[in-house]
Amino acid sequence: MFSFLHPASRRCLHVTRWLYYNRNLLPRELDAIKSNCNLVDVRQPEELVHEMPAIPGAVNVPLGELEGRIGELPKENVVFICRGGVRSARALGIAEQAGFTEPRHLDGGMVAWAAEFGQKQQ
């Protein structure tokens with residue numbers, strides 16, 4: 001696998017098995033495919049209650065528990081989500097090291113999701 005910066009979109013793309021896939025999903029891209037993905041929200045449980053709730057269907061596995069619980073997750077079609085995109089990017093790296101097939105994350109996290117779809121923070 002190797003990576004390159006797409007010149008037009010300035011987004012990082014990865015080449016694996018000679019196919020292109022984008023690790024970083026924008027909110028509208030995730031919205032279009034979310035029913036066919038395994039969504040994993042890596043925020044703390046209290047964030048889901050006191051801040052923005054999870055996207056329906058997402059499983060909550062806090063980032064600090066991810067390495068110990070990685071075997072509970074399917075290894076394909078996984079999209080990681082957090083508040084701002086930093087923790088989900090870390091989760092992406094953990095998943096890649098664990099041998100997941102083309103894992104992705106929500107670029108900008110739930111903040112970007114809320115900005116795109118008008119969900120308000122509590």
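On a predicted model such as this, the values are computed, not experimentally measured, just so you know.
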Determine whether more than 12 heavy atoms belonging to other residues, nucleotides or ligands lie under 6.0 Å from atom CD of E116.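 Yes, CD of E116 has more than 12 neighbouring heavy atoms, counting only those of other groups under 6.0 Å.
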More than 12 foreign heavy atoms under 6.0 Å from CD of E46: is that the case here?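 For E46, atom CD is crowded (more than 12 foreign heavy atoms under 6.0 Å).
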Is [Y] close to [X] at the side-chain level, that is, under 4.5 Å between some pair of heavy atoms?
X: N36; Y: N77; value: no
X: L73; Y: N38; value: no
X: R104; Y: N22; value: no
X: E96; Y: R23; value: yes

For the side chain of D41 and the backbone of N60, is there at least one donor-acceptor N/O pair under 3.5 Å apart?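 Not at all, since once roles are kept as given, no pair shorter than 3.5 Å links the two residues.
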Donor-acceptor contact present, side-chain K34 to main-chain A58, <3.5 Å: no
Return the [atom1] to [atom2] distance between [X] and [Y], rounded to the nearest 0.5 Å.
X: Q44; Y: H50; atom1: CD; atom2: NE2; answer: 12.0 Å
X: L48; Y: I55; atom1: CG; atom2: CD1; answer: 11.0 Å
X: C37; Y: I81; atom1: SG; atom2: CD1; answer: 9.0 Å
X: E72; Y: E65; atom1: CD; atom2: CD; answer: 9.0 Å
X: C82; Y: R87; atom1: SG; atom2: CZ; answer: 5.5 Å
X: L25; Y: D31; atom1: CG; atom2: CG; answer: 11.0 Å

State plainly whether one hydrophobic cluster holds both [X] and [Y], where clusters connect Ile, Leu, Val, Met, Phe, Trp and Tyr through side-chain heavy atoms under 4.5 angstrom apart.
X: V86; Y: V40; answer: no
X: L39; Y: M52; answer: yes
X: F100; Y: L92; answer: no
X: L106; Y: I94; answer: no
X: F117; Y: L30; answer: yes

Residue pair [X] / [Y]: nearest heavy atoms and the distance that separates them:
X: P62; Y: R69; answer: CD-NH1, 4.1 Å
X: F80; Y: P103; answer: CE1-CB, 4.3 Å
X: A95; Y: I70; answer: CA-CD1, 4.4 Å
X: V78; Y: P74; answer: CG2-O, 3.0 Å
X: R43; Y: R83; answer: CD-N, 3.4 Å
X: A98; Y: K75; answer: O-NZ, 2.6 Å

